[in-house]
Amino acid sequence: MEKDVSAFLARLAHELRPRSDQWVGLLMERMRGELPDLWQHEDLARLALRETADHVTVFLDALERGRGATEAQAPSSALDLARRLAERGVPISTLLRTYRLGHVTLLRLLQEEATRLTDDWQLINAATLRLIETGFAYVDRSSEQVVAAYQEVRDRRVQRRFVLTNEASRRIGTTLDTTRTAQELADVGADGFADLVTVDLLDSVLHHGESHPPSDALALRRVAQRSVLDGCPDSRVGTGSLHVHPAKAPPAEVMATGRPLLLHVTPSDAPTWLAPPGPPTFGFHSVLLLPLYARGATLGLAQFARHRTAAPFDHDDLALAQEITVRAAVYIDNARRYTHERTTALTLQRSLLPQRPVEHAAVDTAARYLPSGSRAGVGGDWYDVIPLSGARVALVVGDVVGRGLHAAATMGRLRTAVRAFADIDLMPDELLTHLDDVVIRLQREEAHEDGETSATCLYAVYDPATRLCSLASAGHVPPAVAPTAGAAPVGFPALPIGPPLGLGGLPFETVQWELPEGSLLALYTDGLVQGRERDVDTALTLLGDALMQAARSSASPDEVGERLLAGMLPGHPADDVALLVARTRALDAGHVATLDLPSDPAAVAGARRFTAETLTAWGLDELSFSTELMVSELVTNAIRYGRPPIHLRFVLASTLTCEVFDASSTAPHMRRARTFDEGGRGLLLVAQLAARWGTRHTREGKVIWAEQALP
C-alpha cells in the first residue's frame, strides 16, 4: 500500500504540473482576499507571485520524486519576500498566515484532483493523509527558514534605528538656538548614516515668522550642513546662502505636500539642486528629502544624500530619517517660537480671563492670575464667576495641562464650554461630566504634536437663599474655607476628587455644605501650594493661616488675595497661579418668599394672590401684573404636566426671580400654537414678559424660573 500511495502521488504531481500556473492564480486570489495589505505595492505583488509559483514547484517536486518534505529548501524568492516584508514592517504573524492559507488551499486542490484520477477511496484517503503529513512538514521547514531571514533583517533594522534615534535624542535640541539645533541634526545624520546632510529653512520663517511657503518658488536659506568630506565640497550651496527651488522640483513638491521622498539617481543624471556644478563628480546615487514640519507648519527641508556609501537608501532608511527629522523639526520650531510665544500666550491668556470683577448679590469676589517666572512658558490656569438663576453664582477654577499658546487656547475653549453648561443650570457633577466629553472630543480632533489635552477643574455653586454650597472636583485641589470673622479654623472640605478631565467613563460627585454668611472661600490652582522648597502639607497649613488672619481682619476679597499671594509666593512662582477669593452673602427672609401648592388647578388663584401680596410687601407693584401672568402659566404647567410636590418661590436680589418647582424631570419647551389650538402659548408669553427664563434640574425634579429686571 505504501508503494501504491507514493506512485499515486507521483502521478498526481506529474498530471498537475502543466496546470501549476492556474493553481498559482487560485492561491494568489485566495490570499489577496484574505490579506490585501501584502499586495498594495507592485514590487511585493510581483515577488509574491513568483514566490507562490516557486513553492508550488518545490512541493510538486517533492511529491513526484518521493523525497521527504523536510529535506526541501524554501525557494530563494520566499526568503526575498520575507526580507522585503521585514523592511516594510509587516508583522511576522501576517507572513506566516500566508503559509497557512496557501497550505490549506493547495491541499484542497490536490484532493479534488485525486478524485478525478481514481475512484479507489481507500487509496484516496491514504494519499490524503500523506499529503497532509507532507504539507505540514514542508510548511514547518519553509517557515523556519523564512522566519530566520525575516528576523535577521528585522533585528538589523531595529538595532540601526535604536542607535540613531538614541543619538538623535541625546544630541539634538540641547539649546534654544535655531541654527545650533539645525547643525545638530546635520551632525547626527552624517555620523554613519548619510554622506551629506543639509538643512534649509524658509527665509520667511527666519525673518518674518511666516510658516507657509510661497506658491511660486521656495526661497530657502542654508542654515546648516555636514559632509563626510572636509569643508562640504559636495554641497552646491554654502552655509548662510539663500537659494531658490523651482515650483516643480522635488524639494518644492516635498515641502508643498509634506510627504518625504526617496530618490535613486545615477551620477550622470544627478539633479542640479543636489550635485555641485562642474567637476568633480561625487557620484550621488540616492537622496532622502524630508520636510521640516512641526505643529502644522512647514519650516524648511532636510536632505540626506549618499555618494561614498555603496548601499543606497531604502524605505527603512526613509522611515528612520523621518523619525529623527520630525523630532529635530520640533526642536527647531521651539527655538524659533520661544522668543515671541510667551508674550503671545500671556496676552491671549489675560484676554480670555474676566477683565473686571463681577458684581453679584451672592458673593463679593476678587481674582488674581500670575504667570510662572520660569522659561517653561505660560500655562492654562483660569478662573471665572458666572451668575446663575435664582440669585445663585458659580465659582470656577481650572488648570489645563501643558504650556504655551495651545494651553491658553484650550483654556479659553474650556472656559467657554463651562459657561455654556452653566447657562443650562447643570449640577456640578453633571457639568464636569459634559466638560469631560468636551476634552475627549478635543483630544480626538487635535493634532498629535500638540500633546495630550487634559485639565483639572473645580466647580462650585453657591445659593444665598439657602446658604448651601454645592461643589465637584475633576482632579483639582479642594478650596480653603474660612468661617465668618475667623470664628473657626480654616477648613479644606472632605471633597471626593474625581479624575482629571479627558479620561472618560469615570464618575464625578457633588457634595453640599452650609456656609455662614460672610465666609471666605479661596479657590486656587496647584501652583499656589506646590513648590520645590516645601511639601504640599506645609503649603496648605501656610495657606490656612494666611486665610484665617485675613478673615479675622474683615479684609475685602481683593486685600485677601494680595495677602495670600504675598504670604505664599514671596518670589516668582515656578508654575502659573490662578486665585479666586469670594466672601459669601445671604438673602434673609425679607428677600425670599415661598409657597407650597397642591396639585389642583384651583391653586392657581392662590398663587396669584400670593404673588400680588409678596410684590406689594417688597414695593414692586409695577411688576405685579406681568409677574401674575407668568406665575399663572408656570403653576398651571406644573399642575397639568408635572408631579407633586409643587412649590412657588420668589427671590429678590439684583433682579426679581420667580421659580416654580415640581417633581417631574420633563422639561417644557416653546412651540408654535396654531390658530384654533387651546394651549401652547404659555411659555411664549413667559418668554415675552421675562428678561430671562429657563429650566434647571435637581435631584428631586426641576425648577422653571423667570427673571425680571427691577424698576
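Both backbone and side-chain heavy atoms feed into the values below; hydrogens, waters and symmetry mates do not. Nothing fancy with the numbering, it's 1 onward along the sequence.
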Regarding Arg583 and Asp558, does a basic nitrogen lie under 4.0 Å from an acidic carboxylate oxygen?
no
For Thr453 and Gln443, indicate whether the former's side chain and the latter's backbone hold a donor-acceptor pair under 3.5 Å.
no
Just checking, is any N or O donor in the side chain of Glu628 or Ser632 under 3.5 Å from an acceptor N or O on the other one?
no
Just by distance, with hydrogens left out, do Asp381 and Thr525 show a side-chain donor and acceptor under 3.5 Å apart?
yes
Can any side-chain N or O of Thr584 pair as donor or acceptor with the backbone N or O of Pro464 at less than 3.5 Å?
no
Rounded distance (nearest 0.5 Å) linking atom OG1 of Thr627 with atom CD of Gln708
3.5 Å
Out of Leu388, Val385, Asp463, which residue meets the side chain to side chain contact (heavy atoms under 4.5 Å, CB included) rule with Val393?
Val385
With respect to Arg696, which candidate in Met427, Lys702, Arg392 satisfies the side chain to side chain contact (heavy atoms under 4.5 Å, CB included) definition?
Arg392
Short side-chain donor-acceptor distance under 3.5 Å, His591 and Asp588:
yes
Is the shortest heavy-atom distance from the side chain of Tyr369 to the side chain of Asp576 under 4.5 Å?
yes
Donor-acceptor pair, Tyr459 side chain versus Val397 backbone, under 3.5 Å?
no
Could you tell me whether the side chain of Ser626 and the main chain of Leu623 form a donor-acceptor pair under 3.5 Å?
yes
Check step by step if side chain to side chain contact (heavy atoms under 4.5 Å, CB included) holds for Trp618 and Leu656.
CA-CA 10 Å; Trp618 287 348; Leu656 175 65; 3.8 Å; yes
Less than 4.5 Å apart, side chain to side chain, heavy atoms only: is that true for Cys457 and Leu414?
no
Is Glu430 paired with Arg699 through a side-chain N to carboxylate O contact shorter than 4.0 Å?
yes
Taking Asp436 for its side chain and Gly502 for its backbone only, find out whether a donor-acceptor pair lies under 3.5 Å.
yes
